[in-house]
Every structure is written in structure tokens, then in C-alpha cells.
Amino acid sequence: MKRFLSTLSILTLFIASSINAEASTLKPKKDIKVKNLAELRSAIKNSNAGDQIILANGTWKDAEIKFYGKGTKDNPIVLKAETPGKVFIEGVSNLKLAGSYLEVRDLYFKNGYTPSNAVIQFKINNDSIANNCKVTQCVIEEFTQPDRDVSDHWVEFWGRHNELSNNYITGKSNFGPTVRVFLDGNEHVNNYHQIINNHFGPRPRKGGPHGETIQIGDSETSMTPSYTNVENNLFDRCNGEVEIISSKSNFNEFKNNVFFESEGSLVLRHGNYAKIDGNVFIGNDASDQMGGIRIINTGHWITNNYFYKIKGNAFRSAIAIMNGIPKSSLNRYNQVTDVVVAYNSFIDCVSPWQFSVGSNVSQKEVLPKSEIRSARPERVTFANNLIYSASKSENPIVNYDKVDGVNFKNNFTNNANKSEVQPAGLITKDFAVEKIATDIYSLKQNNNAIFAGFDFENITKDFFGNDRTVSNNSIGAIVNPVKSNPILIDKTKYGTNWFATETPQAAANKIMVTTSDELVNQIKRAVSGDIIVLKSGTFKLSESIVIDKEITITSSNTKKKSKIEFTAAKTAFEMHPKGNLILKDVVLSGNKSQNAFTTLDKNMSKAYNLHIENTEITNFKNVLEVSKGSFSDNVIVANSLITNCENGFLLNKETNDGGDYNAEFVTFTNSKFDGIQGVVLDYYRGGYDESTIGGNLKLEGNTFTNCGKDQAEHILIKNRGIVFVTIANNTFKDNDVKTIAVLWGEKGQAPVDNKITNSGKIEIVQNLEMKLMY
């Protein structure tokens, strides 16, 4: 016993000595407050595990920060703001991380742009990358390039096990995905990155491709395992392009995310074996541009998702299963095989299941064989899904090819299925649903007519995370009983805990003006939302008016419109980024030497809008002339007269045939165009890019007279490559042209009830030949 106690004492003493020796070598944790870039660089260089580097409150301008070091899991090195929301990273700035267990928090990027490829990058260079690092509780707001054509990313993932969590990211308007995951090299694959609990705020429409919110991998690395996890994020009006998320690698997971009124879809563009579970897609009938999930490639499982009022079609349908290209190259479309779509709910969606989307065999005359998508889905299972519509919706399935490779099992709908495809596994049954919370509807009673497919026993939870058991299960995403007070969108779960994402809108001020000088000065002093009211009379202006805010100019007496006469050399109104001009009930005239509206020649970093209503525009060179890189969400002409101008609206500067275009929506209604000597509208989108499904033109109830006599190609309206075109109920009379417009038949374009007299004809070209982009 004495010998045992002696040995135990020696061992205890040895352990204690070892602990003391190790403790003596550990450096104490420090809080290091820095006030300038020189102090910051020194603090980073001398930091150790557990240290906190604290940026003093204030504006850090033109700050290119390289944050490196080696922390530990329990003692990371932290770079943080002195006070969340009071440290502003502005100007030409960025942040690069390299090392291990680094954490960045509470920074606010605004009023600037990155000089490099990324705002935040999980590497300093190819030899210094980040692993096990985190960026959290930060805000990136409109930190966008001055030139929209310059490409960058706001967050670039490299390395492994890095995390982007609880951030608010909004307003990227230039070329390139907001968040990009790279897999170029073994040190970046099998990365298990975490993109969680973020609020991705509105991303404005870009007007072409490369406007994703998240892209994971690319075509060259698409067969590479990534294991990136995208979970519990809010995608709030992310409208950059048709792909909100573009998954281009293997084994990625998308769980419990909310896609709110976002114009696009979660797209499994390349790569295999993705899991999409428990997500919410809310369209609210707001637009037919809002979609759900688009599926390409093999081995995906789509379960427990909830789709509410999705009106999108084809590429933007609630579920879009694409045709593939036989023996496809990596950057095109592989065939869909071995996919499971089970236990999902589709509530008040328009034709939610669409198969062989993108089938283009009819275009074989204008496309090479390597572009023909003829490979139909195979070994695809649709089982235990719920389709409910309060209206008489009888076409739940749209097919663009045969649907012979899909196995339908125990799916239920409450309306008769009158689609071309009528599988026995889509069963019509009169069942009731109940509203259990805002936008949430579930069956009043469980329907346990369950198909037990291969591996279905591993679907153990429902949409709310409740157990699916042998004794308590149901078709659809939700199993009763439902927990009390469920919420689809709880904004407190996403983003930072310190930044207010919504600010109250101030009431518009009405400002009465009586003189020309007063008009110029009041527009300069006005704040966004103000209304400038013109007293009756004529306002003569010799300088251009800059529009860099939301402003309305209108007459005090709509029956006696005020007149604005311009002698400015270049343009009457100069449209700047975020300029939003509403001209209402006025007469605008020039001297035929200038444009009525012109964008900046360059640095149109953000969209502008132009709304012309009950207004007369006369005697200008061009009504609207834009620059390359400029983009408008809306160009609207309603109940107006456009007369005696050289040309009308020139939205034709994106000529690189890369899928880009200068405006999203162009709408002319109930207006008259008279004496436009050249083209009335030139609206161009070039390049064969089937995923750029934008450009929206609506011409309804207008009258066109005496136009087009000097148009070199004898065309009145040029709309080449624009995908959605409506020309209906217009009158074309005495226009000296051969062609009014050329419509794209393959896109379903056709004229409706137009009256044409001595004005050429509207042509339809079924297969429009376009320049290949790939």
C-alpha cells in the first residue's frame, strides 16, 4: 500500500508539473484595441490564440486587411468591432483570412467596393488559406463595383470547414455571384463549409447571367465532392437572375431555408447527390418569375419542402426536371437520373410539376448536335407529395417531352388531373386543408396512404422536424399534430442581432415650384420620394437635370399641363444609379439636338427606373439612349404621346452576346408614337443562353403612325433575343417600314389583335439563330 501511494504521489506530482510547465508556455489572452491600419497590422502580426483584436469605432476607409494567425477551437483569434454597427469599412477595402480558427465579427461594409476578386476571402493567396475560420454578425450593404460589368464576389470560400453565419448581405448589382465556393485543388474539396443563419437581403435584377446569390463550385470542378451545407438562411427578394443558388458540385445540402418572393430557383446545375430538405418557397402570386427547385444530374433527394403560390413556368416552375444532353460536356446539361421527390407540399401553385424542361429538339436546325437536350429523365420517383389548390387547377403536370422515366406513387391532388400526363400515381381525392398560420396550410387529417420506397425509412422527420413514424405519418411536408404557433418567416432567426434591415419610409413631400431656377434647385435639394409640382406655365432649362433619387415631376393642373423646354446640349435628364424618375402630366420638349433621357456613360453601378405617364415628349434626338453596363428595372410609357423624334428608346448597348440586356421590363400601354423617324424601340439581348430567360416587353393598346422612314433595316420595333414579348391590340398605320417586329416562335411569341395598315408586317421566326455562348 505504501509503495502504491508513493507511486501515485509521484505520478500526481509529474502531471501537475507538466500542466504547470504547459501553462507557463501559454501566452495570456489579450484584448488589443487598434485605432488605425498600422496598429491593426502590428496586432495581427503579434496575435496569439485567444486574443481579441478590437477595431475602434469609426470609419476605416481604404482598408485592405490581411487577417492571419493560428488560433485553436477553444481559443480562436478574434477580429471584431468595438461596438457592433459602429465600425464602418468603406472606400476601396477588403478582408482576407488565412490560418486556422480565426473569427471576424460585427463589421459593416458600406459605401465602397473591393479592389480585388472578393470583399471577404477565405485565403490571402494560394499558399495561405483559411481553415476552420468564421465570419459572423457582419453586414455587407451595396458594396458594389462602380462598373456593373466588373466581376467580383462578396464572399469567397476556400480551404475547409469555414463558416459564414448570422450576416446580413444585400444589394449586389454587379457581375458575379454574391457568395462563391471554390473547389480548385485538393485542399478545397470535401470542405464541409457552413453557410447558416444568414439574411440575404434583396439582390436587384442584373439583366443577364452571373447574378446568383450563392454558387458552389463550377462546371470544371462539378464532379468534385464539396459537402457544403446551406441551412436556415433567408433569401429575401433575391432577384439577381434565374438561379438564386447554383449548386455545381457533389454532396451539398440545402436545409430549412426560406426563399421569399425571389425571382429564380434553387438550381442543381451541376454535380450529384444533393439533399434539399425542409425548405420554403413563397411566391405569394406576386410574379410569375418566382420559382422553386430546378433539377439536373443524378442522385438528388428533394423532401419535406413547402411551396406556396409559385406561379413560375418552365425554368421557374415549383419543380422543374430538365432534359439533358446525351454525352454532355461538363459545362452543359447532364441527364436527370435516380432522383427522389417525396413528401413535399404544393399549395396554390400553378402547374407545379414540369418535366423535360429545356427540351429543344425543335431547334436542331439552328443548334449543333452538342446542344440538343433530348435525354429524358430516367429512374425518377415522385411519391407521397401533396398538391392542393383552392381554385380549379386541373393541369398539375406540364411536359415538354415524354414522361416515361418517372415513377409516380401515392401522390394526391384535390383537383381532377387533365394534364397530358395522367399517371395512376397522382390520385384525385376530395380532402380538406386548414390554415395553421400565415401562409401555412396542412391537411386537416393525416393521409397515411404512404408509399414505402427504397431508403424511404430514412426520411424520419417532417417539415417542422417532427417524427415520421409507422403509426403517425402523412403525405405532404407536414404531419399532424402541428406544434402551436408555427412561423414560416421569423426574421429574428436570420442575420445579425444588431442591424435593422427595414427602415420606415418617410412620407413624400410635395414641393410647389413656379420658376425655372426654382425647379432646378428644388430637384437638387429634394430627398428620395419627393414630388415636384409645377404651377401652370413654361419652364425653360439650359442645363441637364441629374436624377439620382426617386423623384416625381408633375403638373398642378392636369387639364393644363406645365411645359418644360430644354436647350441643354446633351440630354434633358441624366439618369444616375438609383435614379427613379416619374414624369406625370407634363409636356417635355427639346430642340432636336439632345436626348430626353440619357444614362451616364460609365459607372452605372445600380439600376435606374423611368416612368412616363400622361405626358407629351417632342422634338428630341432620341427619347432614351443608354450606355453599356446600364440597367433599368422598368421603362414604362403609359397614356402618353411621343412625337417628332429621331429615334425612340435605344436599349441596345449590351452587344457582347453574353446574355446581358439593358432593361428587365419595358412596357408601352395606351400611348401614341407619331413621327419617330428611326426605330421606335431597339431592345436587345444576344447570345444563346437558355438560363438567361429575361427581357420582358409588353406593347398593348398603342398607336404607331408615320414612324420608321429613316430606319436602315426598315424595322419599326427591334426586340431580338428578348424572351417574353407581348404585342397586342395595337394600331400600326402609315409606317414606312417592311417589318413591324420579328417574334420568336419557339418562345411562344405571337401577335394578338393588332390593326395594321400600310405598315409592313409582324414576322414570326420559329427558331431564332443566336450566337452560342459556350
Side-chain angles (χ1 to χ4, degrees), residues 505-591 594-600 606-626 630 632-645 648-649 663 666-672:
Q505 188 154 354
N509 297 312
K510 285 191 174 182
I511 304 168
M512 189 72 68
V513 299
T514 58
T515 68
S516 301
D517 288 342
E518 193 177 6
L519 172 59
V520 172
N521 292 329
Q522 289 292 359
I523 290 177
K524 289 179 180 178
R525 289 199 292 263
V527 298
S528 195
D530 282 353
I531 300 171
I532 306 295
V533 181
L534 308 178
K535 286 204 170 179
S536 297
T538 300
F539 296 78
K540 297 186 177 183
L541 303 181
S542 59
E543 62 179 289
S544 298
I545 300 296
V546 170
I547 302 297
D548 57 3
K549 67 200 81 171
E550 181 179 345
I551 199 85
T552 298
I553 302 175
T554 187
S555 297
S556 59
N557 185 348
T558 59
K559 295 181 179 180
K560 190 176 182 182
K561 298 175 184 175
S562 300
K563 298 179 180 179
I564 309 176
E565 296 180 357
F566 277 93
T567 57
K570 180 181 177 183
T571 187
F573 293 96
E574 185 175 82
M575 305 303 296
H576 284 223
K578 299 184 80 171
N580 186 344
L581 176 61
I582 300 172
L583 271 183
K584 189 174 182 180
D585 303 318
V586 298
V587 176
L588 184 68
S589 66
N591 57 17
Q594 76 279 79
N595 296 335
F597 312 95
T598 310
T599 65
L600 290 176
K606 301 175 180 69
Y608 69 97
N609 289 286
L610 178 61
H611 186 157
I612 301 164
E613 184 174 349
N614 197 30
T615 286
E616 180 180 336
I617 298 177
T618 185
N619 292 331
F620 285 97
K621 182 180 180 182
N622 304 304
V623 179
L624 170 64
E625 185 175 19
V626 304
S630 68
S632 174
D633 265 329
N634 282 281
V635 175
I636 298 171
V637 180
N639 304 304
S640 295
L641 170 64
I642 313 291
T643 182
N644 294 327
C645 296
F649 296 77
V666 178
T667 305
F668 297 169
T669 56
N670 303 318
S671 296
K672 184 174 181 180

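No hydrogens, no waters, no symmetry mates; every other heavy atom, side chains included, goes into these values. Not measured: the values here are computed from a predicted model.
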Task: All salt bridge (Lys or Arg N to Asp or Glu O under 4.0 Å) counterparts of E565, not counting sequence neighbours - done: none
Task: K561, NZ: over 12 other non-hydrogen atoms inside 6.0 angstrom - done: yes
Open item on the list: Closer than 3.5 angstrom, by distance alone: can the side chain of S671 be matched with the main-chain N or O of S640 as a donor-acceptor pair?
Closed with: yes
TODO: Taking the side chain as every heavy atom from C-beta outward, state whether E613 and D585 have any pair of such atoms under 4.5 Å apart.
DONE: no
Open item on the list: Measuring only between side-chain heavy atoms, which start at C-beta, is V520 closer than 4.5 Å to I545?
Closed with: yes
TODO: Decide if atom NZ of K578 counts as having more than 12 heavy atoms of other residues, nucleotides or ligands within a radius under 6.0 Å.
DONE: no
Task: Ring centre gap for F566 and F573 strictly below 6.0 Å - done: yes
Task: Close side-chain approach of F597 and V635, heavy atoms under 4.5 Å - done: no
Open item on the list: N591: which residues meet the side-chain contact (heavy atoms from CB on, under 4.5 Å) condition with it, sequence neighbours left out?
Closed with: T567, S593, Q594
Open item on the list: So does E518 get a backbone contact from the side chain of Q522, meaning a donor-acceptor N/O pair under 3.5 Å?
Closed with: no
Open item on the list: Checking the side chain of S555 only, and the main-chain atoms of S562 only, is there a donor and an acceptor separated by less than 3.5 Å?
Closed with: yes
Show me the side-chain donor-acceptor pairs of residues 525-536 shorter than 3.5 Å, one per line, residues at least two apart or across chains.
from: S528; atom 1: OG; to: E550; atom 2: N; distance (Å): 3.1
from: D530; atom 1: OD1; to: N509; atom 2: N; distance (Å): 3.4
from: D530; atom 1: OD1; to: N509; atom 2: ND2; distance (Å): 3.2
from: D530; atom 1: OD2; to: V527; atom 2: N; distance (Å): 3.0

Open item on the list: Looking at S544 and T571, would you say the former's side chain and the latter's main chain have a donor-acceptor pair under 3.5 Å?
Closed with: yes
- [ ] Identify, with sequence neighbours excluded, every residue that meets salt bridge (Lys or Arg N to Asp or Glu O under 4.0 Å) alongside D548.
- [x] none
Task: Partner set under ring pair (Phe, Tyr, Trp, His ring centres under 6.0 Å) for F668, not counting sequence neighbours - done: F649, F673
Task: Pairwise side-chain contact, N634 with H611, heavy-atom cut-off 4.5 Å (strictly under) - done: no
Task: By salt bridge (Lys or Arg N to Asp or Glu O under 4.0 Å) - contacts of K570 (at least two apart) - done: D601
Task: Test side-chain hydrogen bond (donor to acceptor under 3.5 Å, both in side chains) applied to D633 and N609, step by step - done: CA-CA 6 Å; D633 265 329; N609 289 286; 4.6 Å; no
